[in-house]
Amino acid sequence: MEEYPAKQAPENLDDPPNSRLFVVTSRAVTEDALRDGFSVFGEVQGVWVVKDKQTKESKGICYVKFAKSSQACLAMEEMHGKVLSEGTKPVKVFIAQSRSSTRHRDVEDEELTRIFVMIPKTFSEEDLKDTFKEYGDIEYCVIIKNKFTGESKGLGYVRYYKPSQAAIAIENCDKTYRAILAEPRTKATAPEDYSGGASRGDYAGGNDAMNQYAAPMADQGNYQAMDYRSGDFTRCLMMSTRAALTQEQIFALFDLIPGMEYCELQRDAYGMSKGHALIRYSNLGSAVYAKEKLNGFEFPPGNRLVVNFVDDGEDRSSPVGRMAMQFVATQMMSSVWNGGPSTSQVMKPPVSAGNQCLIYKRVSDPELFPPPHCSTRLTLKKTPLKAFFSPIKENTYSCFSNIY
DNA sequence: CGACGGGACGC
DNA sequence: CGACGGGACGC
């Protein structure tokens, strides 16, 4: 096992912040395999495999220290879910808690993707986005304003889709912006319940050769910005992930909720995944349900998906239309939280193996997977869920997961 | 589930 | 004189 050099003593483990990874591996994975796997993402300053004091055997966890937070974040995003040595389980990768922290809670992407900046008071949210989009794909920008006069307070938030993008912005943007990671908005209360999400800009890049599942009539692009706090619900969702998911996997997952009519993995100019996908349902209820069930869902093992509403361009300007949508959505939420009208009739899994069952790829039959307002519902357990995906045969994927 | 070492600078 | 340094979201 390699030691940290003397200059890499414990007091430097958190410098710069969020530059150290917490890696959950198999006990069999060696330090060399770890170093080889992670060093391609940046300057690895130390690898430390945690071992049992007595037996000296690996406990299956280790720490990897990078020189920069952006390197650590990139490695996390790319390595999470990967198999390091053949025959071992996929690794889970998180930003390590700071050494002084006693909490052992996972650091969530939520805490790593939003930055807090100081900007000229003349900046509009468009200006803010134009300034920071060079560091990564932006989910939304918000400027703090006087709620009465509407004038800017010269402070803003920028939410990226990936931790590495936020880290790169902090490292590389003009120092006058004083960019830092934003503290989570609601620390004490349920942090998962974000609603909405703004996006606009280049979601158009759909080359149909790669989008075999896209609905032919699907309207692309021009998704207007929307206040992420407004609580609006739409039929469109944006899913972001650290894992390298395929179009097929994302399609299969979101297709579990009936009513999906469009699903597209966003790609860059080179056809590489940008780590997020746009999904649209035929109705509000399905979208609300999909967001509720899949936001925070681990897919593949350990990788928490982030799912938010995005503006679908429908007219929500009128108070009547807005209230109607909120009403429907509230009904759906209530149904979700309370387990629906008849939770007792949980569907019988098609294939059962103890606590696990098989979910087949294309399941749109309302008899098997009815919409959330019906009496039986698919229920995906959110937290300690272990999903394992593997290609069974061409174009077919299965999901082993805990269902209850 | 899966959270924190071994070893000794240089006055 | 004249502008540094500061910093938080309607639950």
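Letters go in sequence order (proteins before strands), and every chain restarts at 1.
Straight-line distance from the CD atom of A:Glu125 to the P atom of C:dC9: 15 Å, rounded to whole Å. Here C:dA8 presents its C1' atom at 13 Å from CD1 of A:Ile119, a figure rounded to the nearest Å. Rounded to whole angstrom, the span from the CD atom of A:Glu110 across to the P atom of C:dC9 amounts to 18 Å. Taking atom CZ of A:Arg159 as the reference point, atom C1' of C:dC9 lies 11 Å away to the nearest angstrom. Counting to the nearest Å, the P atom of B:dC1 and the CZ atom of A:Arg304 are 15 Å from each other.
Remark: A:Glu125 engages A:Lys145 in a salt bridge (Lys or Arg N to Asp or Glu O under 4.0 Å) (not counting sequence neighbours). Looking at residues two or more places apart in sequence or on another chain, you find no ring-ring contact (aromatic ring centres under 6.0 Å, His included) involving A:Phe123. Qualifying salt bridge (Lys or Arg N to Asp or Glu O under 4.0 Å) partners for A:Asp127, counting only residues two or more places apart in sequence or in other chains: none.
Under the salt bridge (charged side-chain N to carboxylate O under 4.0 Å, His left out) criterion, the residue pairs touching residues 165-182 of chain A are A:Lys68-A:Glu171, with sequence neighbours excluded.
In summary, the side chains of A:Arg27 and A:Ser58 do not present any donor paired with an acceptor at a separation below 3.5 Å, with no hydrogens or angles considered. Residues A:Tyr157 and A:Arg114 bring no donor and acceptor atom of their side chains to less than 3.5 Å of each other. Between A:Thr241 and A:Asn303, the side chains place a donor N or O and an acceptor N or O closer than 3.5 Å (distance only, hydrogens not considered).
Residues of residues 53-62 of chain A that place a heavy atom closer than 4.0 Å to DNA chain B, in numerical order, are A:Lys53, A:Lys56, A:Lys59, A:Ile61.
Using cut-offs of 30° and 60° on the angle between ring planes, the pair A:Phe94 and A:His80 is perpendicular.
Anti is the glycosidic conformation of C:dC1, whose angle departs from 0 by more than 90°. Taking syn as a glycosidic angle within 90° of 0, C:dC9 does not qualify and is anti.
At a threshold of 4.0 angstrom between heavy atoms, the contacts of A:Lys145 with the nucleic acid are absent.
The side chain of A:Ala182 sits closest to C:dA8 out of B:dG2, C:dA8, C:dC9.
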Report all interatomic pairs (protein N or O, nucleotide N or O of nucleotides 3-7 of chain C) with separations under 3.5 Å.
from  : atom 1 : to       : atom 2 : distance (Å)
C:dG6 : N7     : A:Arg178 : NE     : 3.3
C:dG7 : N1     : A:Arg178 : O      : 2.6
C:dG7 : N2     : A:Phe116 : O      : 2.9
C:dG7 : N2     : A:Val117 : N      : 3.4
C:dG7 : N2     : A:Arg178 : O      : 3.3

**OP:** Evaluate the criterion ring pair (Phe, Tyr, Trp, His ring centres under 6.0 Å) for residue pair A:Tyr160 and A:Tyr135; output intermediate values, then yes/no.
**Re:** CA-CA 9 Å; A:Tyr160 288 95; A:Tyr135 308 109; 7.3 Å; no
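The phosphate of C:dA8 has neither OP1 nor OP2 within less than 4.0 Å of any side-chain N or O from A:Arg114.
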